[in-house]
Each structure stands twice: as C-alpha cells, then as structure tokens.
Amino acid sequence: MSEHIGYRGTSLEFLKSNDLAVGDSVKITSDLTYSGIIMPRYEHQDDKHIVLKLNSGYNIGLDLDKISKVEKLPSTEKIRNAEKKIKENPSLPNILLLSTGGTIASKVDYRTGAVTPILTAEELNSSVPELSKMANIDTEVLLSEYSENIMPDHWLQIANKLVEFAKSKYSGIIIAHGTDTMHYTSSFLSFALAGYPIPIVLVGSQRSSDRASSDAALNLIGATRFLVECKTNGVYVAMHHDESDETISCHYGTRVRKNHTSKRSAFETIGDNPAYLIIDDKIQKNAKGNYFKINQFTPKVNLDTKVALVKYYPGYRADLLEKIIDMDYRAIIFEGTGLGHIGKILYGNVKKAHEKGIFLGMTSQCIDGRVGMTVYESGRDLLNLGIVPLENMIPEVALVKAMWVLGNSDDSEEIKKMMLENISSELSK
Amino acid sequence: MNEFSFEDAGVKVGLEIHQQLSTNKKLFCNCTPIESDEYTKKFQRKLRAVKSELGEFDPAALFEKSKSKTITYYANSQSCCLVEEDEEPPHKLDKDAKNLALIIASALKSNIFSEIYPMRKTVIDGSNTTGFQRTMLVSQGGFIEVEGEKIGVQSICLEEDAAKLIGDKGSVREYSLDRLGVPLVEIALEPVEGKPLQIKKIALSLGKLLRTTKKVSRGIGSIRQDVNVSVKDGGAVVEVKGVQQLDQLEKIVEFEAKRQHGLVKIAEKLKNSKFEKATKDSVLEITDDWKDCKSKIIQKALKDNSIIKALKIPNFAGMFGYSPYEGIRLGKDIGQLVKFYGIGGVFHSDELPNYGIEEKDIEIVKDLLKINENDAFLIIAAPAVKIDLAIESIINRINSAIKGVPAETRLATPNADTVFLRPRPGASRMYPETDVPPIIVTKKELEVAESNIPKSWDESLKELQEKYNLNFQLAEQVFDSPYIDLFEKISSKTQNNPTFVASILCSSITNLERNGLNSMLLTNEEIEKTFEYLQDGKITKEAIEMIFENIMAGNSNSLDGH
C-alpha cells in the first residue's frame, strides 16, 4: 500500500487504473496542463483529489473530476549520497547517542501531514558536523516514539539498555527524546539508575530538525559539550536557555518541567537556576553538591503503574476518588491547592484509602514551592488522615517516584521512607 | 565593440509583482503590521541548511550556509508575537487575505486550485526566522489585458513578507521583524518579447488592477517587482530582484539583457576555441612565493593572514577581458561573484601587470603552473575558511561560461546594473508546511470571489467622476489615495463640496507630509469630524489646513483642542 500512501476510495482507484504510484512523474491535463511528481496524500483528506508536486516545488491538489488526461513520464532516478562515515578520533572521548524519537528526530509524515519521528540517530549525527569535533559519537535507535506514546514499559527498556553501558568506553550518554514527557523519563532514570557512574543527558527539540531554524543542533552541541567537560554524573535535560541560539541550560532531571507549549526555552528548573549553563565552549556551574545522594550504583529497574495523580479542584467529586480506591490503586499523589490542601468533601475517602494501605502523598499544584501542611487547620486534618507531605517534589516527579518505589517494595513503612528519602535531588532545601 | 539591439538578442521579460495586502493583520497570526524603529526585544539565531522533502539540499540554501552568519532580530510587541519569533506554530490562515487572493486570482481569470498547499520555501539568509517563507500556490493561468493585448499569468501565490534587513556587518546580520508575516500576493506573468517600455506599461496596469480592490497597501515598499530576463540561446532565466521603482525597470532590463547577450557572445567565442574546462587540479597556493609582491592589496592580504592561490585555465587567454559590450566582461562577473563570500575581488591574467603586481610576480605564477601564452590564470587572496569555496564557485562559473547565461538570482543596483546575489533556487527549496493543514477552497468561496471582482480602473474612475462631479485628475488622485473610502463617506454623509473634500484629502495632506509632518497622527475620525464641523459652520474652510497641520505636527491630537 505504501506506493499509494494516503489515497483511498475514488482517488486510489484513479491511481490504480492509470497505473500510477506515489513518486511517478506525470503530465496531467485539467483546466491547464500540469507536470510534476505524484505526492502522498494525508489520511484525513477527501478522496476526490490527487496531490502533485510541480516542477516549481509547489504542491497542489487537483480535482479528479476536472482531469481529462493523464500521461506517465519516464521517472528521473535520483542518486542519493550515502551518509558520510565519520572517522573515529582516538584522542576524543566517546559518547553514545541513543534515539527514542520525538521532534528532535522528526520529519514530515504523509499519513497525517504533520511531523513524525523517523530520522535515524546517524542522520542526526551527520547533520550536526560540529559534534564530531568534540567527541566520537556512536548512535543507536532504541525507539521511534513521540513522547506522548512513551510508556512506563519504555522507561524500563531505556533503563535496562543504559545498565549495559554503565561500564563501557563511553564517558557520557545522550538520549534524544520527545519533549512532552521528557521529564517523566528523566525522573524514572534518576531513581532506577541512581548512582549511575557516567552522566546522562536527555535532549529534545521544540522545532523539528527538518527546518533551518531547528533548536536541535545547538541542544545536541550543548549536551555533548557538557558530557565531555562536566566531570560529574547525574541525569540531566539539556535545552535552550532562551529564544536565542546562544546558551543551553542543563537542568537536573528531577527538578525540571516543560513550562511552555512551544518556546525553545520551555524547560525550566523549578525554584532554582539551571544546574549548568553552556555558553559556547564555557560551562557555568550553579549546581551544589552531587546529583545522586547515594554513591553506589545498584540499578533497581522496576516499577508498578498502579499510582494515580489526582489534581484537586473546586467541584472535584468524591465518587471519582472512590473509584480509584476501588480499582486497587496502591498510591495516590495529590496535586493539592496552595500549601497542600484538598476539600473536606474528600476526607471520608482519604480515610478509607489510608485504612486500605494506599500510600497518599501531597504535592502542590502551585508547582513551585514546598507543601506546608501544619499552617492551616485543613492541612493538619489531612496529616491526621495519613497524607504524607512530599516537600517540594514536583507532582509528576512524585508520581514517577511512587511508581518506582512501589515496584521495589511492598512494605508500607518502607514505601513512605523511600518516598521521603532524597535519592536524586528530587527534593531541595 | 557592438551596439546592443533588443531585437537581435531576442529578449524575453517576465514580471513578478509582490503586492502587500492591507488586511491589517499578518497572514498567520493576529499581529498588526506596524513599521516602527523602536524595539523591545532582541535575540540571536543561526540557521542551518536542511534537506528538502525529496532528500536534496537547495543550491541557494547551501550558498547562504557557506557564509555562516549570526542573525540578530529586533522585535516590537505590537507587530510581533511568538509566531514571528518562530517560538510558536503559525495560527490559522487569515480569511481576509485568502479571500482577497481569490478575488485577485478571479479578476485575472486564473484557475484556482480547490486544494491549496502551504509550503515552506527555504530562505536561510535570515530574512525569515523560521529559515523559510510560507507560501502557497493559489492559481495558475489567466491573463491581464494591456492596451488590447492579453498578457498571460503564470501563477499567483499568497505568501508571507520577509523581515526587513537593518544591518549587515561582518559575521552579523540584523533584521527587524515588523514586516515579517505581512500577507503578500505574488503574481508572475508570462515572459513577453518586447521593449522595456512595454514591460513598464504591463507593470502599471497590473498595479492598477490590484489597487481597484482597495485592499492593497500603498507607499514605498508595499509593491515590489522582480523581473525574469532571458535572451535567445542564452540557456537560462535570470531573476533580478530589488527593482524599487518602475522608472528603473527599463534601464535594468536593458542592462541585464545586454549582459546576457554579451555572455552568449562569450560562449560562442569559447565554443570556437580549444578551451575544455577548468579544474581544481590546476590550483596552487602561492602565499610564500608572492610574499615580496609590491601590490598593496596583496600585502594587506598577507598581513591579515589570508592565503593566496592561483588557478590556471588552459586555453582561456583573453577570455576574462573580452568585452562584447561596454562593461560586460567575464572577469567582472567573477569579481562580483567572490564579493558574496566577503572577498574583495580577483586578479586575472588579462588585466596584469597592474595594481602593483609586476612582471616578475606574473613570471612566478607562470613558472609554477606551467602557463603558456594560450592559457589564462587568476589570482585570489582570501581567508583560509573561504578560499576553497570561492575557488570552487569560480571554477563552476568559468565552466558554465561555455553554456552562456547561468541560472542565478541577481540584485538590481541603484545604478540600474545587476549584480550576482545567489544561485537560482530549485524545486528542492520547497517543503510542505507541516504546521498548517491544506487549505480547501469551496465552490461558495469561488462564487463570492467572482462576485467581488472590482470594476476596472477606468470604469471606477468614470463612476467616481460622474457621481461626485470631479475632474479626471482629481478623481484619479483620490481613487489612488488611501483616503478613497473616507472620501466617499464624507461626500455622501455631509453637504461639503466633493471637489473641495478631494483636494483637501489629496493635495493639502500631501503638502503637509512633504513639509515633514506625519500623516499617521491624523486619524480618519478626526478628518471626518473636521468636515462635519465645517458643514455645521463651527469652523471655516481656511481653518482646516491649520487644524491638520497642528495635529500632524504632534502639537495636539484632536480637533477639539482648537
């Protein structure tokens, strides 16, 4: 079917009956005569047009009803240049670039007309030649998924892959990742691979790498510069610092969040400056202390997804929470209001959940700041009902951490202890 | 030297008009197009050449990339949002701009596509923050009638205007984002054989047709014309950009046609010679060999740590300096070509010894490259990073000389010459705009466009003359001014004499503008109110100009202040 991508019904019949496929050169007579190449059609469009790329490069849709004559022209085969193999330089450090998909590795998709992840890590590497001057970069495509399709199982897959490289020739690892859920992945890796000996940097892009203004190149250059020169370990997210192609921010993987839908500088460290700034070949360090609070690398690549993230709002209905409890969820992370509150209406359900042994953690929908549950009466009530305040942990990070903790323990006391233990800088002073 | 003749050269000229639409909104966001020199934001970008949909690089994009500039953008929050900054995907296509493009296409009897695909046209000189211009082919075919003759329309596109260049020094280029994204209609006409005067007439007619819609912008920069020029047996079409005024058009076409015909003559001469081709194998570095050269240019280059290289071109003697028409020489073309890599120029064998380069320096080169009397050579001094790219493009240029005119984009100069700008971009510069779905044109929309085709220029004027009893000149003046709608409103709403109203709107305000006052300060509401006051006897006729003068000078912002 791929030779008729996107065509269906009448338009598919038209192509077949004229022995035409996508990529064929044709001359079509309609109101005028048009010469060009048949292009794929997007799936959501009608079946009454065919798409032609004219010699000028413009694409147009021609109405089938108006076509009076079609002539297939001999195709001009184009010879594509093979990607250049980059020679290894023994004096440079080795870096592994692991691709999981996302905008950073996308180009146009003829199924929907939007961008989709298909570029390989090799192509990415060869389109940013600066990288080969800093490091020998090996590439591996692990996944090809948009970040909204990255599931906890993928986290396990990535983490297990990284375990293989803990002791290797590599001095650092780059993970190309879609931006939408990048901080969930960076959080999971931070917990599952706590103590990992070499630095890991997740890199994404807000403008796909098929456009001249893509931020992908500088993000990759900044990440590579960081890996080569930082002399530390930890899990980081490297993205543009602002709208200029100048400075790259390197954020702690458990303190970062996507705070804008489209800007290059969408990622921000919550409540602090980014851990590192990379400006050309200079690295400015803001981070204090070590990222991992344990020194020994003992991978714990397990998780349990029976965790709910509940955002409380005026009008939140108790029966919704009741449903979660009945579905045998093992932990509930609340995104409470302000200092960490939920309405009285839920007290009965919270009590029931606690009695059932469900872990109940409190974070704030303010995102920035610490929960403080002893300031108001309602906070004290909730503490008495068994809710555990999770300091200034970002709600999504608390969710991921709870999944990881549940995957590694069944003991409620130990679960509580692990949730409150600062493992990978997820809590800060 | 010969006299140049248009007929002998078989000159064909195609006009390409870019007209800004005055929809008061940008094509893909809600910003207002306001030109200002106050900026509240500044940021820097670098653009990279990327492959097209078909997996190829565009030659024009590669050329720009080779210059590797940092681009600084200046933005003003009124005329610019995250879309212009390329920090947010484009919003929906503006409906008014779409409808106006359909009206213009209908007026030109052009065949409108029922599915229009917004494309990204690669432009990485920095004039678009995205690295591309959003453009869509609306229609093809059609014609415009000029003095009874039908001039064919090739295509009509709806596209975004580019950012305005405000500085270009060294490795930094500066742009203002005010104009970026303003809707433009691009109309390309079929090439016609004829004298430049006729081209000017065609341009004027097309301009008038666009202005009858009353929804296109006026004033400097709001209409720009490019010309595509080719000559018989020339081999390629050359696009000349940046023709600011119609009066310049004639001279530019004449120069470009003469240049191309000159290149054809050079090609003929080359075909009859023993020249085969220039290659990279006959390039040699002579930096050390020329360290004692007395030329000031060479000595300066040496001081700047530039590299000097010599290129031998077998059986090419006399070809650089051969001048079929005055001022048309291959040597000159190549000198202009290297300027675009920021290199001052080249020395070629047909002009040496000269410029402080002596016979003994030439002998050194001849010895090293084994040059005999039939060969030509060329010397270039440039920084190491640029020199090989420049030499490669020189070799390409020399080798294409045998084919005549190379396909390139040239820039019109204020002296009405043309200079090399970049290689002619190809189909590989186009990429689908994945952020915007294809635009559907319904039958209903076509009917609406059809019924909104404006009356012709002459008809509109006649009507205006009759309705308001104006003389022809004043009718044309007011019709072609930004005040036409206001004029009709005032003349039908108040008892004022239309001839008086028209002359105030056209002559008086223009006179005040010429004296350096700002007509932007004078709003339509104030003008309307002034004529109401006049009708009510609150002010005298003589006071109007004084009131306008005060407002336009910024002394008061309202009529009621007087």
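Lettering of chains follows the sequences in order, A, B, ..., and the numbering in each one begins at 1. Below, each value reflects all heavy atoms present in this structure, side chains not excepted, and no hydrogens, waters or symmetry copies.
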Handout entry: side-chain hydrogen bond (donor to acceptor under 3.5 Å, both in side chains) against A:Ser11, all qualifying residues, sequence neighbours excluded
Key = none
Practice task
For B:Arg120 and A:Arg211, run side chain to side chain contact (heavy atoms under 4.5 Å, CB included): C-alpha distance rounded to whole Å, both residues' side-chain angles, the deciding distance at 0.1 Å, then the answer.
Solution key: CA-CA 9 Å; B:Arg120 300 172 172 176; A:Arg211 54 202 275 169; 3.3 Å; yes
Practice task
Would you mind reporting whether B:Met430 and A:Lys53 have side-chain heavy atoms less than 4.5 Å apart?
Solution key: yes
Handout entry: A:Glu243 portion near chain B, given a 4.5 angstrom heavy-atom threshold
Key = both
Practice task
Could you walk me through whether A:Asp242 and B:Phe43 pass side chain to side chain contact (heavy atoms under 4.5 Å, CB included), step by step?
Solution key: CA-CA 9 Å; A:Asp242 53 29; B:Phe43 56 94; over 6 Å; no
Exercise for the section: Check whether A:Leu218 gets within reach of chain B through its side chain, its backbone, both or neither, counting any heavy atom under 4.5 Å. Expected result: neither
Fill in the blank from the handout: Of the listed A:Ser262, A:Ala212, A:Ala217, A:Ser214, the one with the largest count of heavy-atom pairs under 4.5 Å with chain B is A:Ala212
Problem - B:Glu115/A:Leu62 under side chain to side chain contact (heavy atoms under 4.5 Å, CB included): CA gap, chis, key distance, verdict - result: CA-CA 7 Å; B:Glu115 265 184 7; A:Leu62 288 178; over 6 Å; no
Fill in the blank from the handout: Distance col, row A:Asp63:CG vs B:Asn111:CG, nearest 0.5 angstrom, shows 12.0 Å
Problem - From CG (B:Asp86) to OG (A:Ser213), nearest 0.5 Å - result: 3.5 Å
Exercise for the section: Indicate yes or no: does B:Arg48 engage A:Asp245 in a salt bridge with an N to O separation below 4.0 Å. Expected result: no
Exercise for the section: In plain terms, say whether B:Glu87 and A:Arg264 are close enough for a salt bridge, that is, a side-chain N and a carboxylate O under 4.0 Å apart. Expected result: yes
Practice task
Assess whether side chain to side chain contact (heavy atoms under 4.5 Å, CB included) is satisfied between B:Arg45 and A:Glu246, documenting all intermediate values.
Solution key: CA-CA 8 Å; B:Arg45 293 277 166 76; A:Glu246 230 169 11; over 6 Å; no
Exercise for the section: Considering only heavy atoms and a distance below 4.5 Å, find which of A:Leu32, A:Asp46, A:Ile60 pairs most often with chain B. Expected result: A:Ile60
Completion exercise
OG (B:Ser114) and NZ (A:Lys66) are apart, to the nearest 0.5 Å, by 5.5 Å
Problem - Side-chain touch B:Tyr73/A:Ser244, heavy atoms, less than 4.5 angstrom - result: no
Fill in the blank from the handout: For B:Pro432 and A:Asn59, the nearest pair of non-hydrogen atoms, with its separation, is CG-ND2, 4.4 Å
Problem - Aromatic centroids of A:Tyr58 and B:Phe113 separated by under 6.0 Å - result: no
Problem - Side chain, backbone, both or neither of B:Pro438 within contact of chain A (heavy atoms, under 4.5 Å) - result: side chain
Problem - Nearest-0.5 Å distance, CZ of residue A:Arg207 to OG1 of residue B:Thr129 - result: 9.5 Å
Problem - Proximal to chain A - members of residues 132-143 of chain B, heavy-atom separation under 4.5 Å - result: B:Phe132, B:Arg134, B:Thr135, B:Met136, B:Leu137, B:Gln140, B:Gly141
